[in-house]
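Accompanying notes for the structure given below.
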2 protein chains.
Amino acid sequence: MSTAHAIEPAAGNEAAHAEELLSRVFFALSDPLRRSILERLREQPSLVSELAAPFDVSIQAVSRHIQVLVRAGLVRQSRTGRISTCSLDVGPMFDAAVWINRYSHYWQTQFDTLAHSLEKIARRPEKTETGKSSVNRTRSGRKKP
Amino acid sequence: MSTAHAIEPAAGNEAAHAEELLSRVFFALSDPLRRSILERLREQPSLVSELAAPFDVSIQAVSRHIQVLVRAGLVRQSRTGRISTCSLDVGPMFDAAVWINRYSHYWQTQFDTLAHSLEKIARRPEKTETGKSSVNRTRSGRKKP
DNA sequence: TTGATATTCAACTAATATGTTGATAATATC
DNA sequence: GATATTATCAACATATTAGTTGAATATCAA
(Lines give C-alpha, C1' and ligand atoms only; values in the text may rest on other atoms or scores of the structure.)
Protein backbone atom coordinates (compact mmCIF):
# COMPACT_ATOMS: atom_id res chain seq x y z
CA MET A 1 0.00 0.00 0.00
CA SER A 2 1.46 3.31 -0.97
CA THR A 3 1.65 6.43 1.08
CA ALA A 4 -1.47 7.58 -0.67
CA HIS A 5 -3.47 5.13 1.35
CA ALA A 6 -2.65 6.93 4.52
CA ILE A 7 -5.56 8.90 5.80
CA GLU A 8 -4.83 12.56 6.00
CA PRO A 9 -7.24 15.36 6.66
CA ALA A 10 -6.77 16.51 3.06
CA ALA A 11 -7.49 20.02 4.22
CA GLY A 12 -9.81 21.52 1.68
CA ASN A 13 -8.30 19.70 -1.25
CA GLU A 14 -11.17 17.81 -2.79
CA ALA A 15 -9.29 16.54 -5.82
CA ALA A 16 -6.63 15.02 -3.61
CA HIS A 17 -9.32 13.50 -1.45
CA ALA A 18 -10.95 11.91 -4.46
CA GLU A 19 -7.61 10.53 -5.60
CA GLU A 20 -7.02 9.21 -2.14
CA LEU A 21 -10.39 7.52 -2.01
CA LEU A 22 -9.82 6.00 -5.43
CA SER A 23 -6.52 4.58 -4.22
CA ARG A 24 -8.22 3.04 -1.23
CA VAL A 25 -10.99 1.56 -3.35
CA PHE A 26 -8.60 -0.06 -5.80
CA PHE A 27 -6.45 -1.29 -2.96
CA ALA A 28 -9.45 -2.77 -1.20
CA LEU A 29 -10.38 -4.59 -4.39
CA SER A 30 -6.88 -5.97 -4.83
CA ASP A 31 -7.39 -8.75 -2.29
CA PRO A 32 -9.41 -11.86 -3.23
CA LEU A 33 -10.71 -12.35 0.28
CA ARG A 34 -12.06 -8.82 0.31
CA ARG A 35 -13.58 -9.31 -3.11
CA SER A 36 -15.24 -12.46 -1.80
CA ILE A 37 -16.67 -10.48 1.08
CA LEU A 38 -18.12 -7.98 -1.36
CA GLU A 39 -19.57 -10.80 -3.42
CA ARG A 40 -21.33 -12.07 -0.37
CA LEU A 41 -22.59 -8.62 0.58
CA ARG A 42 -23.89 -8.21 -2.93
CA GLU A 43 -26.51 -10.79 -2.03
CA GLN A 44 -27.39 -9.72 1.47
CA PRO A 45 -26.16 -7.79 4.49
CA SER A 46 -24.24 -10.08 6.82
CA LEU A 47 -22.63 -10.27 10.22
CA VAL A 48 -18.88 -10.29 10.60
CA SER A 49 -19.01 -13.87 11.83
CA GLU A 50 -21.07 -14.90 8.83
CA LEU A 51 -18.63 -13.23 6.49
CA ALA A 52 -15.70 -14.88 8.23
CA ALA A 53 -17.16 -18.39 8.22
CA PRO A 54 -16.10 -19.49 4.71
CA PHE A 55 -12.49 -18.47 5.18
CA ASP A 56 -9.64 -20.28 6.82
CA VAL A 57 -8.43 -17.24 8.70
CA SER A 58 -9.27 -15.91 12.13
CA ILE A 59 -12.30 -13.72 12.62
CA GLN A 60 -9.96 -10.96 13.70
CA ALA A 61 -8.27 -11.04 10.33
CA VAL A 62 -11.62 -10.85 8.57
CA SER A 63 -12.64 -8.01 10.84
CA ARG A 64 -9.64 -6.06 9.68
CA HIS A 65 -10.34 -6.85 6.05
CA ILE A 66 -13.78 -5.41 6.62
CA GLN A 67 -12.20 -2.32 8.10
CA VAL A 68 -10.20 -1.88 4.93
CA LEU A 69 -13.45 -2.07 2.97
CA VAL A 70 -15.09 0.41 5.33
CA ARG A 71 -12.24 2.88 4.94
CA ALA A 72 -12.65 2.56 1.19
CA GLY A 73 -16.31 3.37 1.64
CA LEU A 74 -17.38 0.07 0.11
CA VAL A 75 -18.93 -1.36 3.27
CA ARG A 76 -21.00 0.17 6.02
CA GLN A 77 -21.29 -1.28 9.48
CA SER A 78 -24.22 -0.72 11.79
CA ARG A 79 -23.55 -2.11 15.18
CA THR A 80 -26.42 -3.01 17.47
CA GLY A 81 -25.20 -4.50 20.67
CA ARG A 82 -22.70 -7.24 20.11
CA ILE A 83 -23.40 -7.82 16.49
CA SER A 84 -22.28 -5.67 13.61
CA THR A 85 -24.19 -5.88 10.37
CA CYS A 86 -22.18 -5.16 7.25
CA SER A 87 -23.83 -3.87 4.10
CA LEU A 88 -22.59 -2.94 0.69
CA ASP A 89 -22.11 0.59 -0.56
CA VAL A 90 -21.35 0.64 -4.26
CA GLY A 91 -20.83 4.38 -4.48
CA PRO A 92 -17.05 4.30 -4.45
CA MET A 93 -17.10 1.33 -6.79
CA PHE A 94 -18.92 3.48 -9.25
CA ASP A 95 -16.15 6.04 -9.00
CA ALA A 96 -13.66 3.32 -9.80
CA ALA A 97 -15.76 2.23 -12.74
CA VAL A 98 -15.84 5.79 -14.02
CA TRP A 99 -12.08 6.02 -13.80
CA ILE A 100 -11.60 2.78 -15.69
CA ASN A 101 -14.25 3.71 -18.18
CA ARG A 102 -12.13 6.55 -19.45
CA TYR A 103 -10.07 3.81 -21.08
CA SER A 104 -13.08 2.27 -22.75
CA HIS A 105 -12.29 4.27 -25.84
CA TYR A 106 -9.23 2.11 -26.21
CA TRP A 107 -11.26 -1.05 -25.97
CA GLN A 108 -13.12 0.26 -28.94
CA THR A 109 -9.84 1.28 -30.53
CA GLN A 110 -8.46 -2.18 -29.97
CA PHE A 111 -11.58 -3.65 -31.41
CA ASP A 112 -11.32 -1.44 -34.46
CA THR A 113 -7.63 -2.15 -34.83
CA LEU A 114 -8.31 -5.84 -34.70
CA ALA A 115 -11.10 -5.56 -37.22
CA HIS A 116 -8.83 -3.57 -39.46
CA SER A 117 -5.95 -6.02 -39.17
CA LEU A 118 -8.30 -8.92 -39.75
CA GLU A 119 -9.44 -7.25 -42.90
CA LYS A 120 -5.86 -6.79 -43.96
CA ILE A 121 -5.03 -10.39 -43.18
CA ALA A 122 -8.01 -11.51 -45.18
CA ARG A 123 -6.51 -9.79 -48.17
CA ARG A 124 -2.89 -10.70 -47.47
CA PRO A 125 -2.76 -13.92 -45.47
CA GLU A 126 1.07 -14.02 -45.22
CA LYS A 127 1.13 -11.25 -42.61
CA THR A 128 1.81 -12.26 -38.99
CA GLU A 129 -0.76 -12.12 -36.25
CA THR A 130 -0.90 -9.75 -33.33
CA GLY A 131 0.78 -10.63 -30.06
CA LYS A 132 -1.24 -11.37 -26.99
CA SER A 133 0.05 -10.15 -23.68
CA SER A 134 0.74 -12.86 -21.17
CA VAL A 135 1.82 -12.30 -17.63
CA ASN A 136 3.62 -15.13 -15.95
CA ARG A 137 6.03 -13.57 -13.55
CA THR A 138 6.55 -15.27 -10.25
CA ARG A 139 6.47 -13.45 -6.97
CA SER A 140 6.93 -14.87 -3.55
CA GLY A 141 4.00 -15.05 -1.20
CA ARG A 142 3.38 -15.77 2.39
CA LYS A 143 1.95 -19.03 3.52
CA LYS A 144 0.03 -19.91 6.56
CA PRO A 145 2.32 -21.62 9.06
CA MET B 1 -0.34 -6.55 -0.92
CA SER B 2 -1.86 -9.83 0.02
CA THR B 3 -0.76 -13.35 -0.63
CA ALA B 4 -3.04 -13.37 -3.61
CA HIS B 5 -0.53 -11.36 -5.51
CA ALA B 6 1.89 -14.20 -5.31
CA ILE B 7 1.91 -16.33 -8.38
CA GLU B 8 1.95 -20.01 -8.04
CA PRO B 9 2.36 -22.18 -11.09
CA ALA B 10 -1.43 -22.27 -11.18
CA ALA B 11 -1.13 -25.69 -12.75
CA GLY B 12 -4.12 -25.85 -15.01
CA ASN B 13 -6.18 -23.63 -12.76
CA GLU B 14 -7.40 -20.95 -15.07
CA ALA B 15 -9.85 -19.42 -12.60
CA ALA B 16 -7.15 -18.95 -9.97
CA HIS B 17 -4.93 -17.34 -12.56
CA ALA B 18 -7.67 -14.91 -13.52
CA GLU B 19 -8.27 -14.06 -9.86
CA GLU B 20 -4.58 -13.52 -9.44
CA LEU B 21 -4.37 -11.25 -12.44
CA LEU B 22 -7.36 -9.29 -11.20
CA SER B 23 -5.66 -8.79 -7.86
CA ARG B 24 -2.56 -7.49 -9.58
CA VAL B 25 -4.55 -5.14 -11.78
CA PHE B 26 -6.45 -3.61 -8.88
CA PHE B 27 -3.27 -3.35 -6.88
CA ALA B 28 -1.49 -1.66 -9.76
CA LEU B 29 -4.34 0.84 -9.98
CA SER B 30 -4.23 1.56 -6.25
CA ASP B 31 -1.26 3.90 -6.53
CA PRO B 32 -1.72 7.46 -7.80
CA LEU B 33 1.69 7.59 -9.41
CA ARG B 34 0.95 4.44 -11.37
CA ARG B 35 -2.43 5.81 -12.38
CA SER B 36 -0.68 8.96 -13.61
CA ILE B 37 1.65 6.81 -15.67
CA LEU B 38 -1.33 5.11 -17.25
CA GLU B 39 -2.93 8.48 -17.93
CA ARG B 40 0.17 9.53 -19.78
CA LEU B 41 0.33 6.28 -21.71
CA ARG B 42 -3.29 6.74 -22.63
CA GLU B 43 -2.15 9.58 -24.85
CA GLN B 44 1.02 8.18 -26.29
CA PRO B 45 3.68 5.52 -25.80
CA SER B 46 6.55 6.95 -23.79
CA LEU B 47 10.03 6.21 -22.60
CA VAL B 48 10.71 5.42 -18.97
CA SER B 49 12.60 8.68 -18.62
CA GLU B 50 9.69 10.61 -20.08
CA LEU B 51 7.28 8.93 -17.72
CA ALA B 52 9.55 9.67 -14.77
CA ALA B 53 10.07 13.34 -15.60
CA PRO B 54 6.93 14.80 -13.96
CA PHE B 55 7.53 13.06 -10.65
CA ASP B 56 9.77 13.99 -7.80
CA VAL B 57 11.00 10.48 -7.32
CA SER B 58 14.04 8.75 -8.73
CA ILE B 59 13.86 7.14 -12.13
CA GLN B 60 14.58 3.83 -10.45
CA ALA B 61 11.42 4.16 -8.41
CA VAL B 62 9.42 4.91 -11.53
CA SER B 63 11.03 1.98 -13.29
CA ARG B 64 9.77 -0.30 -10.57
CA HIS B 65 6.30 1.21 -10.71
CA ILE B 66 6.34 0.39 -14.39
CA GLN B 67 7.33 -3.16 -13.58
CA VAL B 68 4.29 -3.42 -11.35
CA LEU B 69 2.16 -2.27 -14.26
CA VAL B 70 3.87 -4.72 -16.59
CA ARG B 71 3.25 -7.62 -14.21
CA ALA B 72 -0.39 -6.59 -14.10
CA GLY B 73 -0.42 -6.73 -17.89
CA LEU B 74 -1.35 -3.07 -18.16
CA VAL B 75 1.88 -1.92 -19.76
CA ARG B 76 4.12 -3.46 -22.36
CA GLN B 77 7.74 -2.57 -22.79
CA SER B 78 9.59 -2.92 -26.06
CA ARG B 79 13.25 -2.26 -25.62
CA THR B 80 15.35 -1.16 -28.52
CA GLY B 81 18.89 -0.47 -27.50
CA ARG B 82 19.10 1.75 -24.50
CA ILE B 83 15.60 3.00 -24.55
CA SER B 84 12.51 1.15 -23.48
CA THR B 85 9.22 2.27 -24.93
CA CYS B 86 6.21 1.70 -22.72
CA SER B 87 2.77 1.33 -24.21
CA LEU B 88 -0.64 0.78 -22.76
CA ASP B 89 -2.50 -2.51 -22.80
CA VAL B 90 -6.02 -2.01 -21.59
CA GLY B 91 -6.97 -5.67 -21.77
CA PRO B 92 -6.60 -6.38 -18.05
CA MET B 93 -8.27 -3.08 -17.26
CA PHE B 94 -11.23 -4.29 -19.20
CA ASP B 95 -11.33 -7.40 -17.04
CA ALA B 96 -11.38 -5.17 -13.97
CA ALA B 97 -14.21 -3.16 -15.47
CA VAL B 98 -16.17 -6.31 -16.09
CA TRP B 99 -15.72 -7.37 -12.47
CA ILE B 100 -16.89 -4.00 -11.20
CA ASN B 101 -19.71 -3.95 -13.67
CA ARG B 102 -21.33 -6.88 -11.93
CA TYR B 103 -22.24 -4.37 -9.24
CA SER B 104 -23.65 -1.94 -11.76
CA HIS B 105 -27.26 -2.90 -11.28
CA TYR B 106 -27.08 -1.08 -7.97
CA TRP B 107 -26.43 2.19 -9.69
CA GLN B 108 -27.78 1.35 -13.09
CA THR B 109 -30.97 3.29 -12.57
CA GLN B 110 -28.99 6.46 -12.10
CA PHE B 111 -26.02 5.82 -14.32
CA ASP B 112 -27.24 3.66 -17.10
CA THR B 113 -24.80 4.72 -19.75
CA LEU B 114 -21.67 3.25 -18.22
CA ALA B 115 -23.12 -0.18 -17.70
CA HIS B 116 -24.53 -0.09 -21.16
CA SER B 117 -21.26 0.80 -22.79
CA LEU B 118 -19.39 -1.81 -20.80
CA GLU B 119 -21.85 -4.48 -21.73
CA LYS B 120 -21.77 -3.47 -25.36
CA ILE B 121 -18.05 -3.89 -25.53
CA ALA B 122 -18.12 -7.03 -23.40
CA ARG B 123 -18.04 -9.26 -26.42
CA ARG B 124 -14.70 -8.23 -27.79
CA PRO B 125 -12.80 -11.13 -29.35
CA GLU B 126 -9.12 -10.43 -28.68
CA LYS B 127 -6.53 -8.00 -27.43
CA THR B 128 -4.48 -6.00 -29.90
CA GLU B 129 -2.18 -3.00 -30.06
CA THR B 130 -3.45 0.27 -28.69
CA GLY B 131 -3.89 3.41 -30.70
CA LYS B 132 -1.65 6.45 -30.61
CA SER B 133 -2.18 10.07 -29.81
CA SER B 134 0.19 13.02 -29.91
CA VAL B 135 -1.19 15.11 -27.07
CA ASN B 136 1.33 15.84 -24.39
CA ARG B 137 0.28 16.43 -20.84
CA THR B 138 1.77 16.48 -17.42
CA ARG B 139 0.25 15.69 -14.09
CA SER B 140 1.38 16.38 -10.62
CA GLY B 141 2.93 13.58 -8.64
CA ARG B 142 3.99 13.05 -5.12
CA LYS B 143 6.70 15.22 -3.65
CA LYS B 144 10.05 14.34 -2.25
CA PRO B 145 10.35 14.77 1.52
C1' DT C 1 38.27 4.89 -27.34
C1' DT C 2 36.01 7.75 -24.28
C1' DG C 3 32.18 9.57 -22.29
C1' DA C 4 27.27 10.49 -21.82
C1' DT C 5 22.67 8.49 -21.68
C1' DA C 6 18.84 5.10 -20.58
C1' DT C 7 17.50 1.61 -17.87
C1' DT C 8 17.76 -1.93 -14.60
C1' DC C 9 19.74 -4.44 -10.63
C1' DA C 10 21.30 -4.77 -5.76
C1' DA C 11 21.36 -3.61 -1.15
C1' DC C 12 19.49 -0.99 2.37
C1' DT C 13 15.82 1.45 5.16
C1' DA C 14 11.24 2.77 6.65
C1' DA C 15 6.52 2.15 6.41
C1' DT C 16 2.59 -0.72 5.58
C1' DA C 17 -0.10 -5.11 5.28
C1' DT C 18 -1.59 -9.33 7.07
C1' DG C 19 -1.61 -12.98 9.87
C1' DT C 20 -1.48 -14.82 14.69
C1' DT C 21 -2.87 -15.10 19.85
C1' DG C 22 -4.61 -13.04 24.00
C1' DA C 23 -7.32 -9.50 26.21
C1' DT C 24 -11.30 -6.55 26.40
C1' DA C 25 -16.06 -4.61 25.86
C1' DA C 26 -20.74 -5.27 25.21
C1' DT C 27 -24.61 -8.12 25.21
C1' DA C 28 -27.36 -12.25 25.16
C1' DT C 29 -28.64 -16.44 27.72
C1' DC C 30 -28.84 -19.65 31.46
C1' DG D 1 -24.87 -13.34 38.84
C1' DA D 2 -22.25 -16.51 35.85
C1' DT D 3 -21.13 -17.64 31.32
C1' DA D 4 -21.08 -17.86 26.35
C1' DT D 5 -21.15 -15.04 22.10
C1' DT D 6 -19.80 -11.25 18.97
C1' DA D 7 -16.62 -8.19 17.59
C1' DT D 8 -12.74 -5.27 18.18
C1' DC D 9 -8.25 -3.89 20.14
C1' DA D 10 -3.32 -4.68 21.29
C1' DA D 11 0.97 -6.59 20.66
C1' DC D 12 3.78 -9.25 18.01
C1' DA D 13 6.05 -11.63 13.77
C1' DT D 14 6.81 -11.67 9.07
C1' DA D 15 6.25 -10.33 4.25
C1' DT D 16 5.70 -6.82 1.00
C1' DT D 17 5.99 -2.16 -0.72
C1' DA D 18 8.32 1.79 -1.98
C1' DG D 19 11.70 4.90 -1.50
C1' DT D 20 16.83 5.84 -1.59
C1' DT D 21 21.86 5.50 -3.42
C1' DG D 22 25.38 3.16 -5.95
C1' DA D 23 26.77 -0.17 -9.39
C1' DA D 24 26.12 -2.63 -13.66
C1' DT D 25 24.61 -3.10 -18.46
C1' DA D 26 23.88 -1.60 -22.87
C1' DT D 27 23.86 1.78 -26.39
C1' DC D 28 24.61 6.08 -28.60
C1' DA D 29 27.64 9.88 -29.80
C1' DA D 30 31.93 12.69 -30.24
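Model, not experiment: these values are computed from the prediction.
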**Fill in**
Between A:V68 and B:S49, the residue closer to the 5' end of DNA chain C by nearest nucleotide is B:S49
**Request:** For A:Q60 and for A:L33, locate the closest nucleotide of DNA chain C by heavy-atom distance; then report the residue assigned to the nucleotide nearer the 5' terminus.
**Result:**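 Per heavy-atom nearest nucleotide, the more 5' residue is A:L33.
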Is the shortest side-chain N/O distance from [X] to OP1 or OP2 of [N] below 4.0 Å?
| X | N | answer |
| --- | --- | --- |
| A:R34 | C:dT18 | yes |
| B:S58 | D:dT20 | yes |
| B:S63 | C:dT8 | yes |
| A:Q67 | D:dA7 | no |

**Asked** Looking at the side chain of B:I59, which of C:dT8, C:dT18, D:dG19 is the nearest nucleotide?
**Response** C:dT8
**Asked** Can you give one letter per nucleotide of nucleotides 25-30 of chain C, 5' to 3': B if a protein heavy atom sits under 4.0 Å from the base, S if only from the sugar-phosphate, - if neither?
**Response** -BBS--
Partners passing side-chain contact (heavy atoms from CB on, under 4.5 Å) against [X] (at least two apart in sequence or in another chain):
| X | answer |
| --- | --- |
| B:A61 | B:V57, B:S58 |
| A:S49 | A:L47, A:I59 |
| A:P45 | A:T85, A:S87 |

Give the rounded distance in Å between these two atoms: [atom1] of [X] and [atom2] of [N].
| X | N | atom1 | atom2 | value |
| --- | --- | --- | --- | --- |
| A:H65 | D:dC9 | NE2 | P | 16 Å |
| B:I66 | D:dG19 | CD1 | P | 12 Å |
| A:I37 | C:dT18 | CD1 | P | 11 Å |
| B:D56 | D:dA18 | CG | C1' | 16 Å |
| B:L51 | C:dT8 | CG | C1' | 15 Å |
| A:R64 | C:dG19 | CZ | P | 8 Å |

**Prompt:** Residues two or more places apart in sequence or in another chain: which of them pass side-chain hydrogen bond (donor to acceptor under 3.5 Å, both in side chains) with B:S84?
**Reply:**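 side-chain hydrogen bond (donor to acceptor under 3.5 Å, both in side chains) list for B:S84, sorted by chain: B:Q77.
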**Asked** Which residues satisfy the salt bridge (Lys or Arg N to Asp or Glu O under 4.0 Å) test with B:E50, sequence neighbours excluded?
**Response**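 Once residues adjacent in sequence are excluded, B:E50 has no partner under the salt bridge (Lys or Arg N to Asp or Glu O under 4.0 Å) criterion.
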**Message:** At 4.0 Å (heavy atoms only), tell me whether B:Q77 reaches a base, stays on the sugar-phosphate, or touches nothing.
**Reply:** sugar-phosphate
**Asked** Is a side-chain donor or acceptor of B:Y103 paired with a backbone partner of A:E39 at a separation under 3.5 angstrom?
**Response** yes
**Message:** Can you see whether A:F26 has B:R34 sitting over its ring - NZ or CZ less than 6.0 Å from the centre and within 45° of the normal?
**Reply:** no
